[in-house]
Amino acid sequence: MPELPEVETARALIEACALGRTIAAVDDGDTYVCRPHVPGDIASALVGHELTRAGRIGKSMWLETDGGDGPSLGLHLGMAGRIVVVGAEGAAESTAYGGDPMSPAEAKAAAATGAGAGGHPDPRLSGNPVWTRFALDFEDGGALLLFDKRRLGRAVLNPDLTHLGPDALLVSKAEFRARVGVGEAPLKARIMDQSVIAGVGNLLADEALWQARQPPLRPAGDLSGDELGALWTALRKATKAAMKRGGVHTGDVIDFRRRDAACPRCGAPMVKAAVGGRTTWWCSAEQAWPH
DNA sequence: AGCATTGTTTCACA
DNA sequence: TTGTGAAACAATGC
């Protein structure tokens, strides 16, 4: 699920619900999610510090402590992660991000079970593992949890984000043109390269290219300035629409990324190939390449 | 059983 | 230097 829109939603949730709270304990026992740290590393660095800011570039988040003077925590949702913030003990509300809606009671139950314990918060799934891979417990009794079925999410101290390009939602049109419209790599591979612009994943890339009627396989350096500007606009619109609607899977073309589907705009067959190492679907007429 | 999956990293190779 | 493809990572769903 998580591409830029989902991660921004998670960041905003943290900003709204977790800032100002002090860390009392940390569950950093998953040595894969917390690699290269060993259990206790993150805990001993963070306990006693107060969350003061939640930042994001592309799909990467970081939480600052003590106004930037304390250690920071990097969070990445990987392929299937979601953030859950549990309210203070006794508070009525809890908030969840991503996946199926989770009631406050369910979120509390999930928090109570902790990592690796049995008992899914959803009664229909009771008996299944809970998928809590990392947790910050706050002094007020609440918590911030990283749920992740696939375990490809990350939690790490003082993350290095220098390899990332500018955030896909913050990059100016001029900079987008200069960074994306270069080289012989397929356009889709170029916009998904996190060092070029950060935040575009497989589904958002397919959606933006379809909206802009651009062929995924077209060399990025072939686009005109106007075409790059139109792609920048399409990408912004698709990203904002995904945030508003609740995820990249709500894009207009996403449901048509399947065999025997027709383009929902012109009716031509949708076609598939691997581009940039990822399964890619596009309209055989509007996005044909070469023309 | 086999294949695919919204992400990242690494490596062999052209 | 650039770019590609495949594999690995982990776990689930069809």
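On a predicted model such as this, the values are computed, not experimentally measured, just so you know. First the proteins, then the strands, lettered A, B, ... as listed; each starts at 1.
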Quick check on B:dG7: is either OP1 or OP2 less than 4.0 Å from any side-chain nitrogen or oxygen of A:His76?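 It does not, given that no N or O in the side chain of A:His76 lies less than 4.0 Å from OP1 or OP2 of B:dG7.
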
Cation-pi check for A:Trp210 against A:Arg265: NZ or CZ below 6.0 Å from the six-membered ring centre and within 45 degrees of the axis, yes or no?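 Geometry flag: set, cation within 6.0 Å and 45°.
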
P spacing across the pair B:dT6 / C:dG3, given as an integer number of angstrom: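 To the nearest whole Å, 23 Å.
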
For A:Gly183, report the nucleic acid contact type (base, sugar-phosphate, nothing); a contact means any heavy atom under 4.0 Å.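 Sugar-phosphate, backbone atoms only, no base.
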
Can you identify which nucleotide, out of C:dC9, B:dG7, C:dT12, has its nearest atom closest to the A:Lys149 side chain?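 Shortest atom-to-atom distance from the side chain points to C:dT12.
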
Expected output: side-chain A:Arg179 to main-chain A:Val196 donor-acceptor under 3.5 Å: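 Side chain of A:Arg179 to backbone of A:Val196, a donor-acceptor pair under 3.5 Å: yes, one is there.
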
With a 4.0 Å limit, can you tell me whether A:Trp131 has a side-chain N or O closer than that to the phosphate oxygens OP1/OP2 of C:dT12?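 Yes, within the criterion.
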
Nearest to side-chain heavy atoms of A:Thr279, which nucleotide of B:dT5, B:dG7, C:dT4: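 Of the candidates, B:dT5 comes closest.
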
Any salt bridge linking A:Lys272 with A:Asp206? Criterion: basic side-chain nitrogen under 4.0 Å from a carboxylate oxygen.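 Here A:Lys272 does not pair with A:Asp206 in a salt bridge, since their nearest N and O are not under 4.0 Å apart.
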
Let me have DNA chain C in dot-bracket notation, would you? Count Watson-Crick plus G-U wobble pairs, both distances under 3.5 Å, and use [ ] for pairs crossing earlier ones and | for inter-strand partners. .||||||||.||||

Assess whether one donor atom and one acceptor atom, taken from the side chain of A:Arg151 and the base of C:dA10, lie less than 3.5 Å apart.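 Flag unset: no donor-acceptor pair detected.
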
May I ask you to say what A:Arg154 touches in the nucleic acid, namely base, sugar-phosphate or nothing, with a heavy-atom cut-off under 4.0 Å?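 Nothing, no heavy atom under 4.0 Å.
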
For A:Gly201, report the nucleic acid contact type (base, sugar-phosphate, nothing); a contact means any heavy atom under 4.0 Å.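 Sugar-phosphate, backbone atoms only, no base.
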
I want to check one thing: is the phosphate of B:dG7, taken as OP1 and OP2, less than 4.0 Å away from some side-chain N or O of A:Arg278?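 So the side-chain polar atoms of A:Arg278 do come within 4.0 Å of the phosphate oxygens OP1 or OP2 of B:dG7, strictly under.
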
Looking only at atom C1', what distance separates B:dT8 and C:dT1, rounded to whole Å?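 About 22 Å, rounded to a whole number of Å.
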
